[in-house]
Amino acid sequence: MRFSEFGLTTLKEVPADAEIVSHKLMLRAGLIRRLASGLFTWMPLGLRVLRKVEAVVREEMNRAGALELLMPAVQPAELWQKTGRWDQYGPLLLRMHDRHQREFCFGPTHEEVITDVASRELRSYKQLPVNYYQIQTKFRDEIRPRFGVMRSREFIMKDAYSFDIDHDGLEVSYQKMHAAYSAIFERLGLEFRIVWADSGEIGGSKSQEFHVIADSGEDAIAYCDSSDFASNIETAPTFPGDGKRAAATKELEKIATPGVKTIADLCGLLGIEASQTIKTLIVEGDDGPVALVLRGDHELNAVKAQKLAGVASPLTMADDKTIREATGSAAGSLGPVDMDLPVYIDHAVGQLADFSCGANEEGFHYTGVNFGRDLAEPETVDLRNVVAGDPAPGGEGTLSIARGIEVGHIFQLGTKYSEALGATVQDQDGKDRVMEMGCYGIGITRIVGAAIEQNHDDNGIIWPAPLAPFDVVLVPINMHRSDAVRDAAEALYGELTDAGLEVLFDDRDVRPGVKFADAELIGIPHRLVVSERGLGAGELEYRHRRDEESRNLKREEALKLLKESTIS
RNA sequence: CGGGGCAUGGCGCAGUCUGGUAGCGCAUCUGCUUUGGGAGCAGAGGGUCGGCGGUUCGAAUCCGUCUGCCCCGACCA
């Protein structure tokens with residue numbers, strides 16, 4: 001491709017709305033342009049990268065025996081009503097009407113449609129197992145689209161769905177996808193981690209996420225430094241303490257704490273650590289409000305809390321009025337002592353002695369609170385997010401926390417959808433059996449952003465070879481004044497292209513600095529410079545995007561190196 | 001959806017408080033010079049200042065209202 005014909009516009013300055021580095025670089029390098037909130041056009045350069053991701057995903061899915069098909073993006077409401085998700089999905093689902101006022105949605109995912117397809121297509125256990133996949137545009141009307149392509153409303157997903165006769169079969173299909181996903185992210189050159197996850201809205205039992213490790217990631221993941229345990233922080237468990245609680249040394253004392261509203265206020269006033277305080281949160285419950293009690297320095301885990309008996313799901317914090325009616329006090333002065341509500345106490349709180357908490361009276365707190373004396377001995381539950389240093393499951397090692405970008409997710413769905421939509425096959429005995437399903441997603445567009453988060457420097461993007469929009473950028477110096485340079489560059493362009501390399505030939509009549517800056521910004525792995533100086537010595541200048549320095553190579557050496565390093 | 005902020009040539013911003021002929025940088029176009037790390041000089045084009053309504057002799061500026069966008073919280077590939 002000749003740069004002069006490629007229509008690429010790069011930016012020196014970044015639009016003010018870009019927050020994270022991948023978003024900025026994607027705009028500056030001309031990969032994407034924004035149309036509206038959460039909607040992006042993939043410009044020619046960006047589309048080349050997107051196609052590379054798709055190609056790798058497609059190859060590995062095919063290798064794993066999955067069958068590509070393509071379902072409609074627009075789906076009839078009836079299917080969603082049958083599975084109950086028409087009502088459950090809420091505003092995330094983009095709904096619309098056709099001219100006959102029939103209801104449709106723009107598919108945010110395709111469990112309903114694929115299960116309908118499978119129920120019509122699959123008759124016999126002999127047709128199983130089968131795994132259908134597609135690469136397609138989805139739409140989710142996200143509450144808050146952000147970070148460019150990382151969390152857009154319209155995005156491209158590879159979604160796959162497996163059908164098996166029984167759970168053992170599902171396990172096999174699931175493990176195949178586990179292996180295929182690992183192969184995909186390996187090939188894409190990404191540093192990733194597989195973590196246990198909550199299956200959330202989609203439903204089902206077993207579920208794992210594939211995270212690209214990056215500080216800008218929206219998810220926190222907990223992993224063990226001495227075992228292979230890794231989990232989304234949503235589901236990483238905490239454990240009851242060893243029961244060795246310190247003995248009470250202080251008397252219960254009620255003290256005036258005017259104006260104290262937060263844990264930080266309380267610690268400041270009393271000169272104690274947050275870990276010696278507890279906080280009491282009031283949430284909506286099935287039969288009135290419920291109190292959740294955590295150590296002052298810990299965070300509530302919503303996924304865990306909403307699974308507790310009597311707690312409303314999704315988790316909803318009670319409003320001020322409800323709190324006042326239920327406790328007689330305002331948030332900021334709450335505590336479990338003499339609290340007349342169902343109370344759940346976190347494991348870590350059960351380990352405390354001589355702690356401080358609100359007195360359920362505005363402007364007053366207790367200090368020297370102890371279980372077994374001021375409060376009943378607690379039955380504790382797992383309520384909080386793990387923190388670095390917590391013990392890992394299995395009893396060995398401790399947890400560390402990292403940030404991750406979720407680029408893939410695999411689920412064992414079981415029969416939730418096949419049951420609802422009557423997707424059955426006949427087994428060996430001629431009896432109808434509901435098929436066991438798995439579903440497997442990869443965020444194609446998100447991968448592009450995630451790859452940049454992991455591979456960039458101050459000058460721009462550094463594409464891993466399998467994602468690069470071009471293999472080589474060919475930079476002639478002063479080509480428009482030197483016939484020798486022009487001829488040499490044209491010849492190289494032809495030769496490299498004929499050898500099957502994807503070459504970006506920067507034939508623009510601009511100063512060398514501009515070409516170098518653009519080449520680095522858009523992140524082409526190999527750079528070959530043709531200059532009069534080098535030609536005199538029979539040499540070309542080669543530099544890899546990751547190299548510090550360039551080196552001079554004989555023409556034939558350079559060609560050989562390029563041809564060898566880009567064989568895929 | 002709750003809380004905060006922003007909206008002025010393609011992009012980044014100033015001007016708004018204190019109403020009086022819309023400005024700067026980048027980008028674009030023309031010419032000359034320059035040519036190994038985002039060139040210099042000279043010139044040019046491009047904005048009904050987000051929409052609507054109001055106050056005023058006069059509104060980018062004041063008031064009202066609507067819309068869009070961004071950031072912080074609950075969702076997910």
Side-chain angles (χ1 to χ4, degrees), chain A residues 9-20 23 27-28 30 33-39 53 57 89-93 108-109 135-160 181 197-202 207 209-212 217-219 232 234 283 300 302-303 306 314-317 319 404-411 439-450 459-460 475-482 485 508-521 527 529-534 541 543 550:
Chain A
T9 318
T10 58
L11 269 41
K12 274 196 221 174
E13 285 170 308
V14 204
D17 53 10
E19 185 79 358
I20 61 172
H23 189 193
L27 290 168
R28 286 192 53 210
R33 296 289 179 236
R34 193 184 75 91
L35 174 65
S37 176
L39 300 177
V53 178
V57 170
Y89 228 87
L92 203 61
L93 191 62
T109 177
I135 294 176
Q136 194 208 32
T137 298
K138 306 285 193 237
F139 190 95
R140 294 183 188 174
D141 199 354
E142 296 284 351
I143 299 164
R144 186 143 97 84
R146 64 185 137 170
F147 299 157
V149 110
M150 296 278 228
R151 174 169 224 75
S152 51
R153 294 195 292 175
E154 190 177 292
F155 60 100
I156 297 173
M157 178 158 99
K158 187 287 300 173
D159 46 328
Y181 274 38
D198 184 61
S199 47
E201 189 83 34
I202 293 182
S207 156
E209 293 168 347
F210 290 69
H211 283 263
V212 164
E218 290 190 85
D219 287 279
N232 194 302
E234 287 176 350
V283 299
L300 177 67
V303 170
Q306 69 198 14
L315 191 74
T316 313
M317 302 305 288
D319 57 30
I405 301 163
E406 185 190 352
V407 289
H409 201 161
I410 57 179
F411 298 86
C439 85
Y440 317 94
I442 288 182
I444 301 286
T445 37
R446 183 178 282 181
I447 283 174
V448 178
N459 295 326
V475 183
I477 305 289
N478 294 327
M479 179 178 95
H480 295 264
R481 290 187 307 139
S482 162
V485 170
R508 293 176 297 174
D509 184 12
V510 295
R511 296 163 65 91
V514 175
K515 296 186 183 186
F516 293 145
D518 277 339
E520 280 158 22
L521 176 60
R527 185 182 84 184
V529 176
V530 186
S531 67
E532 224 154 25
R533 203 161 78 189
E541 181 185 305
R543 181 170 169 187
S550 57

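Just so you know, these numbers use all the heavy atoms, side chains as well, and skip hydrogens, waters and symmetry mates. So that the names make sense, note that chain A is the first sequence line, chain B the second, and so on, each numbered from 1.
Here B:C72 is the nucleotide among B:C72, B:C26, B:C76 with the atom lying nearest to any side-chain atom of A:R146.
Nucleotide B:A14 forms a pair with no other nucleotide shown, judged by Watson-Crick or G-U wobble geometry with both contacts under 3.5 Å. For B:G20, the paired nucleotide is B:C57, the pair qualifying as Watson-Crick or G-U wobble because both relevant distances are below 3.5 Å. Here B:U30 sits opposite B:A42 as a Watson-Crick or G-U wobble pair (both hydrogen-bonding atom distances under 3.5 Å). For B:G9, there is no paired base (Watson-Crick or G-U wobble, both distances below 3.5 Å). If you check B:G2 for Watson-Crick or wobble pairing at under 3.5 angstrom, you find it paired to B:C72. If you check B:G47 for Watson-Crick or wobble pairing at under 3.5 angstrom, you find it has no partner at all. The base-pairing partner of B:G64, taking Watson-Crick or G-U wobble contacts with both distances under 3.5 Å, is B:C52. For B:A77, there is no paired base (Watson-Crick or G-U wobble, both distances below 3.5 Å).
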- Determine, stepwise, if the pair A:E532 / A:R481 fulfils salt bridge (Lys or Arg N to Asp or Glu O under 4.0 Å). CA-CA 10 Å; A:E532 224 154 25; A:R481 290 187 307 139; over 6 Å; no

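In this structure, the separation between CD1 on A:I447 and CD1 on A:I405 is 10.5 Å, given to the nearest 0.5 Å. Residue A:R34 holds its CZ atom at 8.0 Å from NE2 of A:H23, rounded to the nearest 0.5 Å. Considering OG of A:S531 and CG of A:N478, their distance stands at 9.0 Å, rounded to 0.5 Å.
Both A:S37 and A:D219 lie close to RNA chain B; mapped to their nearest nucleotides by heavy-atom distance, the more 5′-ward contact belongs to A:S37.
One C1' atom belongs to B:C11, the other to B:G53, and the distance between them is 32 Å to the nearest Å. A distance of about 16 Å separates the P atoms of B:U65 and B:G2, rounded to the whole Å. When the C1' atom is used for both B:C72 and B:G19, the distance is 36 Å, rounded to whole Å. Taking the P atom of each, B:U67 and B:A22 are spaced 30 Å apart, rounded to whole Å. Distance check on atom C1': B:U55 versus B:G38 gives 49 Å, rounded to whole Å. Remark: the separation of the P atoms in B:A59 and B:G50 is 15 Å, to the nearest Å. Rounded to a whole angstrom, the distance from the C1' atom of B:G23 to that of B:U30 is 23 Å. Taking the C1' atoms as reference points, B:A14 lies 15 Å from B:A7, given to the whole Å.
An OP1 or OP2 oxygen of B:G10 is reached within less than 4.0 angstrom by no side-chain nitrogen or oxygen of A:T9. Taking side-chain N and O atoms only, A:R144 has a distance below 4.0 Å to OP1 or OP2 of B:G73.
Remark: C1' of B:C75 and CD of A:E234 are 9 Å apart, rounded to the nearest angstrom. Atom CD1 of A:I410 is separated from atom C1' of B:C76 by 16 Å (rounded to the nearest Å). Atoms CZ (A:R151) and P (B:C70) sit 13 Å apart, rounded to a whole Å. For the pair A:Q306 CD and B:A74 C1', the computed distance is 10 Å after rounding to whole Å. Distance CZ (A:F147) to C1' (B:C71): 10 Å, rounded to an integer number of Å. To the nearest angstrom, C1' of B:G73 lies 14 Å from CG of A:L300. Counting to the nearest Å, the C1' atom of B:A27 and the CZ atom of A:R33 are 12 Å from each other. Atom NE2 in A:H23 sits about 12 Å away from atom C1' in B:C69, given to the nearest Å.
Proximity of A:F516 to A:V529: side-chain heavy atoms (C-beta onward) are separated by under 4.5 Å at one or more points. Two residues are said to be in side-chain contact when any heavy atoms from C-beta on lie closer than 4.5 Å; A:Y89 and A:D141 fail this criterion.
Of the candidates A:R140, A:E142, A:R144, A:R151 forms a side chain to side chain contact (heavy atoms under 4.5 Å, CB included) with just one, namely A:E142.
Between the side chain of A:K515 and the main chain of A:P476, a donor-acceptor pair closer than 3.5 Å is present.
A donor N or O paired with an acceptor N or O is not found under 3.5 Å between the base of B:C69 and the side-chain atoms of A:R34.
Summarising the geometry of A:Y181 relative to A:K158, their closest heavy-atom pair is OH-NZ, 2.7 Å, with the distance given to 0.1 Å. Of all heavy-atom pairs spanning A:V485 and A:M479, the tightest one is CG1-CA, 3.9 Å.
Base engagement by A:S152 is indicated by at least one non-hydrogen atom pair under 4.0 Å involving a base atom. Across all strands, A:I442 comes closer than 4.0 Å to no nucleic acid atom at all (heavy-atom distances).
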- Starting at the 5' end of nucleotides 28-40 of chain B, put B wherever the base has a protein heavy atom under 4.0 Å, S where only the sugar-phosphate does, and a dash everywhere else. ------BBBBBB-

